[in-house]
Amino acid sequence: MSRMSSPIEQVRERLSSACRVTVLTGAGISADSGIPTFRGPDGLWKNFRAEDLATPEAFTRDPALVWEWYNWRRELLATKEPNPAHRALVSIEGKMETRRAQFHLLTQNVDGLHGLAGSRNLIELHGNIWEVRCTGCGAVTEDRRVPIPIPPYCSSCGKMLRPHIVWFGEMLDSDDVSRALESLEHCDMMLVIGTSGVVQPAASFASTARSAGAFVVEINPDASSGAAHVALRGRAAEIVPLLV
Ligand code: OAD
C-alpha cells in the first residue's frame with residue numbers, strides 16, 4: 001500500500017531536482033545558536049530602541065553609545081557557533097554545485113554564522129558585525145576585536161570607524177540588491193527561513209520569487225510570509241537538516 005508523502009518529503013523531493021534555489025534567512029535561523037532575534041518576546045527591539053542605536057543619526061549623536069551596543073553584541077556573538085540549519089544549507093549548496101544547479105543564499109543576519117559554517121554563494125544584505133567601515137576613506141576591513149576600543153579609528157586615515165552594517169534609513173549595497181533580485185527572478189524554488197518579513201526590501205523577496213514562478217517554502221515556528229506555497233512549522237535547526 002503506498003502512503004502519502006509528508007510535506008517535508010515533498011519539499012525535499014522538489015529541492016533535489018530544482019535547478020535554481022534561492023534561500024532567504026533571518027534572525028530565526030540563528031536562534032538555535034543561542035542568538036536573540038529582534039522581534040520575538042525576548043527580541044532585541046523589546047529592550048532597546050533601534051532609533052537610539054541603529055541609525056546614522058544615532059551614530060552622529062553618540063558614537064560611543066552605538067559602539068558600546070555593538071561591543072555588547074560582539075561579545076554575545078563571539079562564542080556562538082553555526083547550528084545544524086546553517087550546516088544543512090552548506091550541504092544543500094554542495095549537492096547543488098555537484099549537479100551543476102545554482103544556489104544563492106541571501107541573509108539579513110550580520111552574525112557571520114553562514115560564512116563560518118562554509119556557505120559560499122552568500123550575500124549579507126545587512127552587512128557583517130565583524131567588519132568595520134571608515135567614515136573617512138570608506139575602507140572596509142575585518143575587525144574581530146572584542147571589545148573594540150571606543151571609539152575605534154582607521155589605521156590608514158585616522159578617521160572614526162563605524163560598524164559595516166546597514167542601519168535603518170540607509171540603502172542596501174546596490175550590487176547586493178541587484179544580485180539578490182537576479183537570483184529571485186530566476187529561481188525555481190525559494191526557501192524563506194526564520195524571518196518575520198517586516199523589513200524591506202527582504203520582506204518583498206518571497207513575493208518577487210513567487211510572482212516570477214518560484215515554488216516558495218517557509219520554515220518558521222510562526223506564520224509570517226503570506227507568499228509561501230508551503231509552510232513547514234518548526235525550528236530551523238530541526239527542519240532544514242531534514243531537507244538535505
Ligand atoms: P525578526 O526578529 O524580526 O524575526 C525572527 C523570525 O524568526 C520570526 O518570524 C520568528 O518566528 C522566527 N523564529 C524564531 N525562532 C526560530 C527558529 N528556531 N527557527 C526558525 N525561525 C525562528 O528577525 P528578522 O526577520 O531577521 O536589521 O529581522 C529583519 C531585520 O530587522 C534584521 O536583519 C535586523 C532587524 O532590525 C538589521 O540589523 C539592519
Side-chain angles (χ1 to χ4, degrees), residues 8 11 23-59 66-67 69-70 72-74 76-77 80-89 105-114 117 122-131 133 162-173 176-177 180 190-207 216-228 230-243:
I8 286 182
V11 171
V23 179
L24 170 68
T25 65
I29 195 167
S30 294
D32 294 316
S33 294
I35 299 173
T37 61
F38 291 92
R39 296 180 180 78
D42 301 320
L44 290 177
W45 296 148
K46 285 276 184 292
N47 298 310
F48 300 97
R49 279 161 42 93
E51 46 284 46
D52 292 342
L53 300 165
T55 62
E57 294 77 20
F59 189 71
V66 172
W67 266 119
W69 189 63
Y70 277 96
W72 175 77
R73 287 185 63 199
R74 285 160 80 101
L76 180 93
L77 294 172
K80 302 296 187 277
E81 293 186 347
N83 67 54
H86 297 103
R87 288 195 287 272
L89 291 179
L105 175 52
L106 319 176
T107 189
Q108 299 166 89
N109 299 345
V110 300
D111 56 32
L113 290 186
H114 284 301
L122 170 67
I123 299 178
E124 292 175 313
L125 294 160
H126 292 166
N128 186 309
I129 201 163
W130 302 112
E131 290 177 345
R133 186 165 82 242
R162 57 162 280 177
H164 186 44
I165 299 237
V166 181
W167 285 326
F168 289 100
E170 294 186 313
M171 303 291 283
L172 273 64
D173 179 273
D176 285 352
V177 174
M190 179 181 187
L191 307 180
V192 182
I193 307 173
T195 175
S196 56
V198 296
V199 174
Q200 293 292 359
S204 308
F205 285 179
S207 348
V216 181
V217 178
E218 176 181 72
I219 297 159
N220 196 311
D222 299 317
S224 56
S225 161
V230 172
L232 302 176
R233 296 271 167 252
R235 305 178 72 86
E238 288 166 5
I239 306 266
V240 187
L242 300 176
L243 303 181

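Since the model is a prediction, treat every value here as computed from it, not as a measurement. Each ligand, and each atom within it, is numbered from 1 in the order the structure gives.
The shortest heavy-atom contact between P56 and F168 is CD-O, 3.3 Å.
Remark: distances from the non-hydrogen atoms of W167 to ligand 1 are all 4.0 Å or more. Assignment of P221 to the shell around ligand 1 is supported, since a heavy atom sits closer than 4.0 Å. For the pair V198 and ligand 1, no heavy-atom separation below 4.0 Å is found. Within the 4.0 Å heavy-atom cutoff, V110 does not count among the residues contacting ligand 1.
When non-hydrogen atoms are compared, ligand 1 lies under 4.0 Å from the backbone of T37 as well as from its side chain. Contacts between H126 and ligand 1 below 4.0 angstrom, taking non-hydrogen atoms only, involve the side chain exclusively. Contacts of A236 with ligand 1, taken as heavy-atom pairs under 4.0 Å, involve both backbone and side chain.
Surrounding CD of E81 are at most 12 heavy atoms belonging to other residues, nucleotides or ligands under 6.0 Å away.
Judged as a salt bridge (charged side-chain N to carboxylate O under 4.0 Å, His left out), the pairs with a partner in residues 25-34 (not counting sequence neighbours) are, in order, D32-R235.
Between the R39 side chain and the W45 main chain, no donor and acceptor come within less than 3.5 Å of each other.
For ligand 1, the polar-atom distance check finds an N/O of A27 within less than 3.5 Å of one of the ligand's N/O atoms. Below 3.5 Å of separation, one finds no N or O of G234 facing any N or O of ligand 1.
Heavy-atom proximity to atom 28 (O) of ligand 1, evaluated over E124, R39, E238, is greatest for R39.
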